[in-house]
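Structure, as structure tokens:
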Amino acid sequence: MKIFILSFLLTSTCLAKSFVPASFSANFEESIVSMASGKEKKSFGKIDYKFPGHIRFEITSPNASTFISNPERSWYYVPPFVEGEQGQVTIQSSSKLPLTKFLDSIKGGLEGSKLFTFKYAGKDLILTFVKTVQKELTLKEVIFHSDKEAKNVQKMNEFEKMTLIYSDGRKVNLKFIDLKEDVSFPVKHFEFTPPAKTKIING
């Protein structure tokens with residue numbers, strides 16, 4: 001599921017707690033590198049996050065879908081390809097989903113984390129997860145890319161993009177555009193009400 005990028009969104013480097021905002025909203029460009037051909041497939045959308053455990057990830061093109069999660073429940077919605085036909089939503093407990101756990105855990109900075117080690121490599125900041133976390137997240141590393149020395153980056157939106165490397169070798173590139181920090185969201189922004197004619201699957 002594409003949402004596991006997301007995961008995105010973490011950050012990093014001045015190690016100060018204020019480095020990661022309590023909430024943010026951004027447009028994104030996502031590119032998935034094919035393991036077979038090496039070619040990139042791009043998609044575009046919007047992501048909203050609020051600590052703790054709230055995320056809304058909407059892919060607008062080329063194939064629309066919406067993932068919403070709060071501390072109690074999550075929804076993954078795929079609209080119908082043809083207007084008037086049936087869409088589908090999968091509903092499950094969010095306690096089983098690692099993405100928001102990861103985002104929440106990075107909020108306090110990198111220093112002293114039990115989930116990963118980190119190092120600077122020129123313009124890159126590399127997070128390498130411990131074996132138990134790799135198994136849970138199926139994620140091996142996250143690399144943050146900057147246009148200057150990574151150790152000098154002061155805010156999350158100064159990173160140009162990030163690369164997620166999964167345990168099976170898959171690579172996903174994620175770039176945030178027009179990131180806004182400390183956003184106030186509507187009360188039910190991280191809930192989902194299925195439209196009429198939606199097939200509901202309880203996971």
Side-chain angles (χ1 to χ4, degrees), residues 1-32 40 42-77 79 94 97-111 113 116 118 123-125 127 137 139 142-164 172-193:
M1 187 183 297
K2 286 186 177 181
I3 182 59
F4 286 107
I5 29 190
L6 247 345
S7 307
F8 32 66
L9 327 148
L10 304 246
T11 86
S12 119
T13 124
C14 68
L15 306 183
K17 290 186 177 181
S18 60
F19 184 83
V20 182
S23 65
F24 64 84
S25 179
N27 296 317
F28 68 82
E29 175 185 302
E30 175 193 61
S31 60
I32 299 177
E40 289 188 336
K42 291 187 177 182
S43 59
F44 303 86
K46 183 179 180 181
I47 184 167
D48 299 327
Y49 170 76
K50 184 179 77 171
F51 179 86
H54 296 76
I55 193 166
R56 186 182 183 104
F57 190 81
E58 299 180 71
I59 294 176
T60 55
S61 67
N63 300 310
S65 64
T66 300
F67 178 85
I68 299 173
S69 183
N70 60 45
E72 289 78 38
R73 186 172 294 183
S74 71
W75 299 260
Y76 178 63
Y77 173 66
S94 59
L97 299 171
L99 177 59
T100 49
K101 293 180 181 179
F102 179 50
L103 294 175
D104 291 347
S105 70
I106 199 97
K107 180 179 178 293
L110 305 181
E111 197 71 48
S113 175
F116 53 81
F118 70 93
K123 296 180 180 181
D124 293 341
L125 169 68
L127 277 63
L137 301 181
L139 190 62
V142 175
I143 304 174
F144 297 89
H145 307 280
S146 177
D147 60 358
K148 59 184 178 182
E149 288 292 315
K151 63 182 179 181
N152 296 325
V153 175
Q154 298 297 309
K155 300 186 73 175
M156 182 172 68
N157 61 9
E158 292 181 33
F159 284 103
E160 290 190 331
K161 67 176 182 178
M162 64 187 73
T163 300
L164 287 80
V172 175
N173 295 314
L174 187 65
K175 180 179 181 180
F176 293 111
I177 305 165
D178 299 326
L179 187 147
K180 298 179 181 179
E181 300 182 354
D182 301 319
V183 178
S184 295
F185 297 108
V187 174
K188 294 188 177 183
H189 188 65
F190 297 99
E191 298 179 12
F192 183 77
T193 301

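Since this is a predicted model, take the numbers as computed values, not measurements.
- A donor-acceptor contact shorter than 3.5 Å is absent between the side chain of Ser74 and the backbone of Ser94.
- Distance NZ/Lys123 to NE2/His145: 12.5 Å, rounded to 0.5 Å.
- Counting heavy atoms from C-beta outward, Phe176 and Met162 have side chains that approach closer than 4.5 Å.
- Considering CD of Glu149 and CG of Leu125, their distance stands at 12.0 Å, rounded to 0.5 Å.
- One finds the CZ atom of Phe57 at 9.5 Å from the OH atom of Tyr76 (value rounded to the nearest 0.5 Å).
- Expressed to the nearest 0.5 Å, how far CD1 of Ile177 lies from CD1 of Ile47 amounts to 12.5 Å.
- Ion pairing between a basic and an acidic side chain is recognised when a charged N comes within 4.0 Å of a carboxylate O; Arg56 and Glu58 show such pairing.
- Residues satisfying the side-chain contact (heavy atoms from CB on, under 4.5 Å) criterion with Lys46, sequence neighbours excluded, are Ser25, Asn27, Asp48.
- Annotation: side chain of Trp75 is not in contact with side chain of Thr66 (no heavy-atom distance under 4.5 Å).
- For the pair Phe67 and Ile59, the minimum side-chain heavy-atom distance is 4.5 Å or more.
- With sequence neighbours left out, Ser146 forms a side-chain contact (heavy atoms from CB on, under 4.5 Å) with Lys148, Val153, Phe159.
- Residues Pro62 and Lys42 share a closest heavy-atom pair of CD-O, 3.5 Å.
- When all heavy atoms are compared, the tightest approach of Asn70 to His54 is CB-CD2, 3.7 Å.
- A ring pair (Phe, Tyr, Trp, His ring centres under 6.0 Å) with Phe190 holds for exactly one of Phe51, Phe185, Tyr49; it is Phe185.
- Counting only heavy atoms from C-beta outward, the side chains of Leu179 and Phe28 never approach each other to under 4.5 Å.
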